[in-house]
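Computed from a prediction, not measured in an experiment: that's the story for all the values here.
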Amino acid sequence: MHTITKAVEVEVPVSVAYNQWTQFESFPRFMSGVEDVRQIDDATLHFSTKISGVNREYDARITEQVPDTIISWESLEQPRNAGSVRFDSLGPDRSGVSVTLEWEPETFAEKAGAALSADEMQVAADLDKFKDYIEDRQRETGAWRGTVGGVDVEGSGPVHTDTVRGGTPLEGGTTTGTPLEGGTNDDGTPNI
């Protein structure tokens, strides 16, 4: 497995950075190569990616999620990848976001890219895009404040302290699958 660790500081409170990252469907807005993310349940995501001309679809399971602290995942099938995003408060309006990604390059292009650190450069560029995205908005598009832990990737399912994704309402934003009153959605349509 190849391991990448990159970090960025963002000029928003840690809760804003964390809350935005829980809106997995927004990943294509700041992650190159991620074409679509669909939430299957509280702890399972379906990814559609196109990286170096290779289209892939796979499911990933959230293995740990603690508000304002960490989100960790593992793919359930090929391509094998796992990682975590850590969130640290650096002050009332500043936070650190650190990504660690482990993945198994499969194709010749992926192996060559990893050898040339192209994957590290891409993760750093995507974190910079996240920084621009959240700093331009100055607020999250939604949030899920529940905790996920004790997930068995082989299928026994997650253990939750909050079973409703969409948990904490945010004024003028959206939660996963649930529009919130006031403001606008990411697509510009008004929330009612």
Side-chain angles (χ1 to χ4, degrees), residues 2-39 45-53 56 60 62 65-73 81-103 113-114 116-145 165-180 182-191:
H2 186 69
T3 302
I4 301 164
T5 301
K6 293 292 178 187
V8 68
E9 291 183 10
V10 295
E11 300 294 326
V12 297
V14 70
S15 62
V16 172
Y18 171 85
N19 288 346
Q20 184 58 54
W21 207 280
T22 69
Q23 302 306 289
F24 304 112
E25 291 89 350
S26 72
F27 283 5
R29 294 180 182 271
F30 54 86
M31 286 187 189
S32 299
V34 176
E35 295 196 331
D36 186 57
V37 179
R38 191 175 77 246
Q39 185 97 33
L45 306 168
H46 181 78
F47 283 83
S48 298
T49 63
K50 184 175 183 179
I51 300 170
S52 299
R56 291 209 172 104
I62 297 168
Q65 186 166 347
V66 179
D68 300 341
T69 306
I70 190 169
I71 301 172
S72 297
W73 75 93
N81 67 79
S84 62
V85 184
R86 293 193 174 276
F87 303 87
D88 296 298
S89 178
L90 303 176
D93 294 318
R94 189 173 189 162
S95 54
V97 179
S98 175
V99 173
T100 299
L101 172 66
E102 296 178 356
W103 72 295
L116 296 171
S117 300
D119 51 355
E120 291 183 35
M121 290 184 283
Q122 188 60 60
V123 171
D126 288 349
L127 277 174
D128 287 341
K129 285 191 253 179
F130 175 75
K131 174 183 173 67
D132 292 343
Y133 180 75
I134 196 62
E135 287 181 354
D136 286 348
R137 293 186 57 84
Q138 283 297 304
R139 65 184 211 185
E140 58 276 84
T141 59
W144 188 69
R145 304 293 297 173
R165 192 165 271 297
T168 303
L170 297 170
E171 185 180 322
T174 60
T175 57
T176 304
T178 308
L180 296 168
T184 58
N185 294 311
D186 276 345
D187 65 4
T189 59
N191 286 336

Review point. Rounded to the nearest 0.5 Å, how far apart are OG1 of T49 and CE of M31?
Key: 12.0 Å
**Study point:** D126: partners by salt bridge (charged side-chain N to carboxylate O under 4.0 Å, His left out), with sequence neighbours left out
**Key:** K129
Non-hydrogen side-chain atoms of [X] and [Y] separated by less than 4.5 Å:
{"X": "R94", "Y": "E9", "value": "yes"}
{"X": "H2", "Y": "L101", "value": "no"}
{"X": "M121", "Y": "L116", "value": "no"}
{"X": "Q138", "Y": "V12", "value": "yes"}
{"X": "I71", "Y": "F87", "value": "yes"}
{"X": "H46", "Y": "F24", "value": "no"}
{"X": "N81", "Y": "E102", "value": "no"}

Exercise for review: Name all residues meeting the ring pair (Phe, Tyr, Trp, His ring centres under 6.0 Å) criterion together with F130; count only those two or more places apart in sequence or in a different chain, and write none if there are none.
Suggested key: W21, F30
Exercise for review: Return the set of residues passing ring pair (Phe, Tyr, Trp, His ring centres under 6.0 Å) with F47 (not counting sequence neighbours), or none when no residue passes.
Suggested key: Y58
Review point. Quick check: does any side chain N or O of S89 sit under 3.5 Å from a backbone N or O of V14, one acting as donor and the other as acceptor?
Key: no
Exercise for review: Examine distances only and state if a side-chain atom of T69 and a backbone atom of P67 form a donor-acceptor pair shorter than 3.5 Å.
Suggested key: yes
Shortest non-hydrogen separation from [X] to [Y] and the atoms involved:
{"X": "E35", "Y": "P28", "value": "O-CG, 3.6 Å"}
{"X": "S15", "Y": "D68", "value": "CA-OD1, 3.2 Å"}
{"X": "W103", "Y": "I4", "value": "NE1-CD1, 3.8 Å"}
{"X": "W73", "Y": "S84", "value": "CZ3-N, 3.3 Å"}
{"X": "R137", "Y": "E140", "value": "NH2-O, 4.2 Å"}
{"X": "Y133", "Y": "R29", "value": "OH-CD, 3.4 Å"}

